[in-house]
Amino acid sequence: MAGTVPTTESARATTTRELATAGRAQRGPLLPILHAVMAEHGWVSDEDIAVIADVLNLSRADVHGVVSFYHDFRRTPPPAHRVQVCRGEACQAVGAQALYAAAQARFPAGGDVEVGEVFCLGNCALGPSAVLDGTLVGRLTLERLDTAAAGWTA
Amino acid sequence: MTTVWVPCDAAARAVGADEVAEAFAAAGATVRRNGSRGMLWLEPLVEVETDAGRIGYAAVRPQYAGDILAGNHVDLGVVEDHPWLADQHRVTFTRVGRHEPTDLAAYRSDGGYAGLERALTLDPADVVAEVTTSGLRGRGGAGFPTGIKWETVRKAASDLKFVCCNADEGDSGTFADRMLLEGDPFSLLEGMTIAAYAVGASEGYVYVRSEYPDAIATLRRAIDVARAGGWLGRHIAGREGFTFDLHVRVGAGAYICGEETSMLDSLEGKRGEVRAKPPIPALVGLFSQPTVVNNVLSLATVPMILADGGEAYAALGTGRSRGTQVFQLAGNVKQGGIVEADFGITLRELIEGYGGGTRSGRPLKAAQVGGPLGAYVAGDQLDLPMDYEAFAEAGAMIGHGGIVVFDDTMDAADMARFAMEFCAKESCGKCTPCRIGSVRGVEVIDRIRSAPDADSRHQAFVLLEDLCTTMEKGSLCAMGGLTPMPVRSALRHFPADFAQNPPVDSDKNPPIVHFSSEGSTS
Ligand SMILES: Cc1cc2nc3c(=O)[nH]c(=O)nc-3n(C[C@H](O)[C@H](O)[C@H](O)COP(=O)(O)O)c2cc1C
Ligand code: SF4
Ligand code: FES
């Protein structure tokens with residue numbers, strides 16, 4: 001909704017507006033702005049979409065269409081902890097499917113720990129690989145997963 | 001004080017390199033962080049500077065620091081003399097592992113920017129001719145001649161042209177782009193600057209996948225350093241009127257954004273949907289301007305070609321595959337990592353020679369070459385030479401040079417199903433054969449495996465083959481078009497796997513393979 005600046009905005013919307021305004025001058029600004037919003041808030045809300053659309057003079061549908069295309073842009077608040085298991089072929093060759101299944105069993109959906117899949121982390125010679133709360137781990141074992149989890153639940 | 005090198009490469013960090021670096025610092029050593037040598041199974045691979053050279057120590061743990069500094073730990077000898085490394089022919093990767101990645105002085109003293117300096121003494125058309133002479137073909141997968149692409153952009157009339165580097169490296173089993181970005185980023189910047197000079201571009205973008213945070217950080221630092229040093233920006237290398245600057249853009253977790261037109265749309269801030277060709281990006285590319293799109297390795301090889309001449313590069317290789325390829329040994333392989341070798345080396349030399357066979361010690365069953373869209377090759381095909389045409393003839397592809405090794409616990413039907421599942425998840429959605437065909441492919445493979453009798457199994461096989469043909473012929477891009485390649489090759493080589501019932505629980509999955517040889521110095 002280009003041009004209609006709401007009179008009162010939440011603190012979050014104000015921050016998002018600042019990020020969008022700061023990023024607006026570059027070519028093709030939408031992805032960098034969405035990454036900035038992700039880094040700041042951890043997810044993209046309806047309000048963020050409205051504000052970004054306003055700043056960039058796009059329709060909300062345009063922004064929404066971009067957000068929904070990319071796996072990285074989440075539409076819900078992030079969980080306390082994340083386990084992203086690589087399911088790429090090189091990791092499957094050293095047992096990634098078993099690890100993924102075990103991780104799902106260890107951390108049931110809806111809890112503090114979200115288990116997700118990724119397809120290749122560029123660590124294909126030292127798999128199985130996963131990202132545990134942002135840290136890349138190679139030669140992953142169930143024990144290593146348990147060690148990480150012990151730190152989270154303590 | 002002793003100087004100790006500990007890799008800052010993401011693969012080394014993923015197996016504890018940071019903790020090792022801290023331990024050496026605490027023990028009083030001067031710690032410097034290099035890229036990885038690519039002998040990944042030996043990571044963290046620590047090097048201690050001595051009068052004789054840099055002495056290597058394999059699979060180092062923090063508690064070894066004291067012994068290593070005291071000279072009481074088994075070593076590998078001088079790292080650059082290690083046969084695994086010394087036998088390779090490193091051209092693109094020549095500097096990776098030697099220096100601190102963003103040390104511009106070290107880059108300069110090791111041949112860096114010699115290519116650009118020579119390029120600036122030539123006419124742009126002669127720079128392109130040099131690249132054409134070299135026979136360099138795109139390393140991103142399609143193998144298109146780089147010089148021809150550049151000539152198209154050079155000849156296009158426009159005030160604004162772009163050079164874009166494809167650093168999306170989405171193919172599983174590949175990590176060479178990442179290691180180059182993290183280990184020798186200036187070589188990419190130099191290659192892009194030469195490209196800009198050759199085609200008359202003033203702006204460049206590097207599109208890096210978000211899964212590579214370390215590469216993104218190193219690249220950004222390298223760009224700042226190069227700009228401060230006068231190698232980017234206005235009047236590059238003191239040359240009046242030559243302006244080129246670079247921007248890093250981060251992907252957002254979409255495999256298809258590695259396809260060049262999807263990448264361009266993503267760079268423009270849109271959904272990463274594939275564009276119909278023509279027009280080709282060389283003429284109508286980023287923001288509709290003439291644009292060079294090249295892979296990281298293609299661009300990083302250009303400085304050497306300009307420094308040593310196109311003929312020198314063309315003298316390497318075989319047939320129409322000239323120069324070297326950076327192979328990546330991955331998966332269930334004992335000695336995984338980077339092997340740069342002239343084209344023509346066989347799969348056997350790579351997997352059994354450099355790779356040392358499977359990590360599990362079990363018999364090899366297959367290797368998938370060229371990423372998730374590449375074929376599975378069976379054990380009896382290992383004498384295939386690495387050559388674009390030879391692979392194409394065998395119904396396979398070299399792609400980005402990734403080789404994923406599987407032992408005999410691999411289930412080919414599982415892998416075929418996965419290829420379809422991956423396509424369904426990562427399809428950009430623009431065309432039906434890919435978007436719908438892949439979903440149907442998963443269902444049909446499940447039907448094959450749960451078929452109650454031979455007759456219904458046969459019917460499902462016919463359906464799968466039909467589906468593969470539709471995807472191959474009817475897809476707009478190689479995502480849908482090549483997904484049949486892993487599926488059909490799995491079926492061709494391992495039909496028996498498709499006769500089994502699907503796994504009912506995860507116990508039937510291949511086991512997690514641990515490193516039995518961790519710390520071994522072989
Ligand atoms: C589905 C798909 C994914 C691709 N992924 C990549 C990639 O991750 N990196 C890359 O350099 N090229 C990738 N390509 C190839 C690019 O479309 C393009 O050919 C390449 O970037 C051109 O550079 P080159 O000539 O230097 O190889 C992909 C192609 C397809 C169809
Ligand atoms: S083949 Fe698949 S990825 Fe390629 S354009 Fe069609 S739908 Fe998109
Ligand atoms: S396939 Fe898992 S890191 Fe590449």
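To find a chain, count down the sequence lines: A is the first, B the second, and so on, and within it residues start at 1. Keep in mind it's a predicted model, so treat the numbers as computed, not measured.
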Distance, nearest 0.5 Å, that separates CD of B/E211 from CG of A/L136: 11.0 Å

Contact class of B/M415 relative to chain A, heavy atoms under 4.5 angstrom: side chain

B/F422 side, atom CZ; A/R87 side, atom CZ - distance, nearest 0.5 Å: 10.5 Å

Under 4.5 Å from a heavy atom of chain A, the part of B/D9 involved: neither

Heavy-atom pair count under 4.5 Å with chain A, highest-scoring of B/E268, B/R13, B/E203: B/E203

Chain B contacts, top residue of A/D72, A/L99, A/V66, A/V118 (heavy-atom pairs, under 4.5 Å): A/D72

Pick from B/G336, B/A11, B/A254 with the largest number of heavy-atom pairs that fall under 4.5 Å of chain A: B/A11

Chain A contacts, top residue of B/E273, B/H247, B/R209, B/E169 (heavy-atom pairs, under 4.5 Å): B/R209

Contact winner vs chain A - B/A10, B/P372, B/G272, heavy-atom pairs under 4.5 Å: B/G272

Rounded distance (nearest 0.5 Å) linking atom CZ of B/R249 with atom CD of A/Q26: 4.5 Å

Part of B/I403 within contact of chain A (heavy atom distance under 4.5 Å): neither

Point-to-point distance, once rounded to the nearest 0.5 Å, from CZ of B/F287 to CZ of A/R27: 6.5 Å

Under 4.5 Å from a heavy atom of chain A, the part of B/L329 involved: backbone

Over all atoms of both residues, closest heavy-atom pair of B/W41 and A/L126: CA-CD2, 4.0 Å

Pairs of heavy atoms under 4.5 Å with chain B: top-ranked of A/P32, A/G134, A/P128, A/G122: A/G122

Greatest number of heavy atom pairs closer than 4.5 Å to chain A - which of B/G371, B/G251, B/A176, B/A419: B/G251

Portion of B/C428 that has a non-hydrogen atom of chain A nearer than 4.5 angstrom: both

Reported OG-to-NE2 distance for the pair B/S210 and A/H35, which is rounded to 0.5 angstrom: 6.0 Å

Per-residue contact mode, A/E117 against chain B (heavy atom under 4.5 angstrom): side chain

Non-hydrogen atoms of B/G331 and A/A93 that approach each other most closely: CA-CB, 4.1 Å

Smallest separation among heavy atoms of A/C120 and B/G173, with atom names: SG-N, 4.0 Å

Heavy-atom contact with chain A under 4.5 Å, split by part of B/S266: both

B/S172 to A/G88 - nearest heavy-atom pair and separation: CB-CA, 4.0 Å

Per-residue contact mode, B/E182 against chain A (heavy atom under 4.5 angstrom): neither

Polar side-chain atom of B/R359 near backbone of A/A125 as donor-acceptor pair, under 3.5 Å: yes

When B/V250, B/I338, B/L267, B/T358 are compared by non-hydrogen pairs under 4.5 Å with chain A, the top option: B/V250

